[in-house]
There are 2 protein chains.
Amino acid sequence: MTDTNENALSRSPDEQASGFEAVRTAHQSEMVEDYVELIAELIQLNGAARPVEIAERLGVTQPTVSKNLNRLKREGLILQEPYRSIRLTEEGRELAEACRQRHRIVVDFLVALGVSQEVAEYDAEGIEHHVSEETLAVFHAFTKERAKG
Amino acid sequence: MTDTNENALSRSPDEQASGFEAVRTAHQSEMVEDYVELIAELIQLNGAARPVEIAERLGVTQPTVSKNLNRLKREGLILQEPYRSIRLTEEGRELAEACRQRHRIVVDFLVALGVSQEVAEYDAEGIEHHVSEETLAVFHAFTKERAKG
DNA sequence: TACAAAAGTTAGCTTTGGCTAAATTTTGTA
DNA sequence: TACAAAATTTAGCCAAAGCTAACTTTTGTA
Ligand SMILES: [Mn+2]
Ligand SMILES: [Mn+2]
Ligand SMILES: [Mn+2]
Ligand SMILES: [Mn+2]
């Protein structure tokens, strides 16, 4: 149990900073990702995505949703005529699909590892935004391996 | 490969909202946790934690650090006389220790799983704030199991 | 088909955590 | 020991994302 010094203290300031910077960057895309993912789910579930339901499932108020949807419009991810329900653009659909896949990989991985379904869903909502391609690939491989065994 | 419907679409609005709410809550404690953890590291490494180094290792400017340190003071986690370096209160030390342990568990888990050391450190910086006690315990158990085998 | 309830929007406030510019204090060195 | 450089702080700006209150539009139903 000797300390190999392979810990945070052995990292250069720059290396350490790049980790914190990545977290801040991830948090900037997080809202958009969760919205398009949820919109895709609601369309699949109900045939339409309405702001009132987005608000309910995110646990925020309707004005918050209304304001954030404007950002998604600006970014070309959704289409919405005033007072009507929401559609995804092609770009929005693609982002939503990528987010749903990533979310699914994280949840399935946690479950394969032994975490309960409820907690897996709960934790995945945050974890999904901080998983690099490399880590995601490792998660996916682990889940597939477990499924075979 | 039939879909068991054990997916996001089968969850109640309330269940789904509680996940998003947990993420927002985690993000509120994140800054404080990263600061005390880093301060503890710098004290161990250099005998002192100076704002200029905190700024460098977080990748933010010195005024940002100065402002955020005031929050840590208000919350009773650090002590600092003006223009002097930073000490942790007993409460700050305890929080730092808990954060370092959690960080270490997440990094070691990712490495045990097959993620490279660099990417493990990188991803852990964000993931650590979104891991419930249950998931953390599963991570820890997995790492210990791997160490034996 | 009127009209109340529900949904959506707008306006405006708050907090958080970034930033730059400039002032102050400490530190290191000629 | 003077003084330049470095560190720290203060002041003030900004954007993001939450909120409430109030307004507008749509929907459902008596
Ligand atoms: Mn999420
Ligand atoms: Mn998600
Ligand atoms: Mn996060
Ligand atoms: Mn962190």
Side-chain angles (χ1 to χ4, degrees), chain A residues 13 17-39 42-43 46-75 77-87 125-126 129, chain B residues 13 17-39 42-43 46-75 77-87 125-126 129:
Chain A
S18 83
F20 288 114
E21 280 156 17
V23 173
R24 291 192 296 270
T25 300
H27 286 167
Q28 287 187 328
S29 5
E30 185 159 334
M31 187 272 285
V32 159
E33 292 174 357
D34 285 333
Y35 272 67
V36 294
E37 186 182 344
L38 178 54
I39 288 166
L42 289 171
I43 289 173
N46 302 328
R50 296 151 66 227
V52 65
E53 245 175 319
I54 296 172
E56 188 189 14
R57 297 188 99 101
L58 289 175
V60 298
T61 62
Q62 288 179 326
T64 296
V65 170
S66 193
K67 180 187 289 190
N68 288 337
L69 289 176
N70 284 328
R71 175 164 158 204
L72 272 67
K73 277 179 232 172
R74 265 203 318 276
E75 297 188 6
L77 298 166
I78 62 168
L79 298 169
Q80 183 196 26
E81 295 142 88
Y83 296 95
R84 302 259 92 109
S85 60
I86 298 146
R87 284 168 304 147
E125 201 52 73
H129 306 283
Chain B
S18 83
F20 287 112
E21 281 155 17
V23 173
R24 292 193 296 270
T25 300
H27 285 168
Q28 287 188 328
S29 6
E30 184 160 335
M31 186 273 284
V32 160
E33 291 172 358
D34 285 334
Y35 272 67
V36 294
E37 186 182 343
L38 178 55
I39 288 166
L42 289 172
I43 289 173
N46 302 327
R50 294 151 68 229
V52 65
E53 244 175 319
I54 296 173
E56 187 188 16
R57 297 189 98 101
L58 289 174
V60 298
T61 61
Q62 288 179 327
T64 296
V65 169
S66 192
K67 181 188 289 193
N68 288 336
L69 289 176
N70 284 328
R71 174 164 159 204
L72 271 68
K73 276 178 232 172
R74 249 188 289 118
E75 298 188 5
L77 297 167
I78 62 168
L79 297 169
Q80 183 195 28
E81 292 142 272
Y83 295 96
R84 300 260 93 106
S85 59
I86 297 145
R87 285 169 302 145
E125 201 52 73
H129 306 282

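By convention in this document, chain letters (A, B, ...) are assigned in the order of the sequence lines, proteins followed by strands, and residues within each chain are numbered from 1.
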With 3.5 Å as the limit, what N/O pairs link the protein to nucleotides 1-7 of chain C?
residue: dA7(C); atom: OP1; partner: Arg50(A); partner atom: NH2; Å: 3.3

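Rounded to whole Å, the distance from CG on Asn68(A) to P on dA17(D) is 6 Å. When the P atom of dA16(D) is taken as reference, atom CG of Asp34(A) falls 17 Å away, rounded to whole Å. For the pair Ile78(B) CD1 and dT8(D) P, the interatomic distance rounds to 12 Å; values are reported in whole Å. The separation between Ile54(A) atom CD1 and dG8(C) atom C1' is 12 Å, rounded to whole Å. When rounded to the nearest whole Å, the span between CD of Glu21(A) and C1' of dC19(C) equals 14 Å. Atoms CG (Leu69(B)) and P (dG17(C)) sit 12 Å apart, rounded to a whole Å.
Listed nucleotides: dG18(C), dT10(C), dC19(D). Nearest to the side chain of Ser66(A): dT10(C). Checking dG18(C), dT16(C), dC19(D) against every side-chain atom of Arg71(B), the shortest atom distance belongs to dT16(C). Comparing dA21(D), dT27(C), dG18(C) by their nearest atom to the side chain of Pro63(A) picks out dA21(D).
Separating the CD1 atom in Ile78(B) from the OH atom in Tyr35(B) is a distance of 10.0 Å, to the nearest 0.5 Å.
No donor-acceptor pair closer than 3.5 Å links the side chain of Glu21(B) to the backbone N or O of Thr25(B).
Near DNA chain D, defined here as any heavy-atom distance below 4.0 Å, the residues from residues 22-33 of chain B are Arg24(B), listed numerically.
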Enumerate, atom names and distances included, each donor-acceptor pair closer than 3.5 Å involving a side-chain atom of residues 54-64 of chain B, sequence neighbours excluded.
residue: Arg57(B); atom: NE; partner: Gln16(A); partner atom: OE1; Å: 2.6
residue: Arg57(B); atom: NH2; partner: Arg11(A); partner atom: O; Å: 2.6
residue: Arg57(B); atom: NH2; partner: Gln16(A); partner atom: OE1; Å: 3.4
residue: Thr61(B); atom: OG1; partner: Thr64(B); partner atom: OG1; Å: 3.2

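Phosphate contact (OP1/OP2 of dT27(D), side-chain N/O of Arg84(A), threshold under 4.0 Å): present. For Gln80(A), a side-chain nitrogen or oxygen approaches OP1 or OP2 of dT9(C) to under 4.0 Å. Residue Thr64(A) has a polar side-chain atom (N or O) positioned under 4.0 Å from OP1 or OP2 of dC19(D). Considering only side-chain N and O atoms, Thr61(B) lies under 4.0 angstrom from the phosphate OP1 or OP2 of dC19(C).
Remark: dA30(C) base-pairs with dT1(D); criterion is Watson-Crick or G-U wobble with both hydrogen-bond distances under 3.5 Å.
Comment: Arg24(A) does not engage Glu125(B) in a salt bridge, judged by the lack of any side-chain N to carboxylate O separation of less than 4.0 angstrom.
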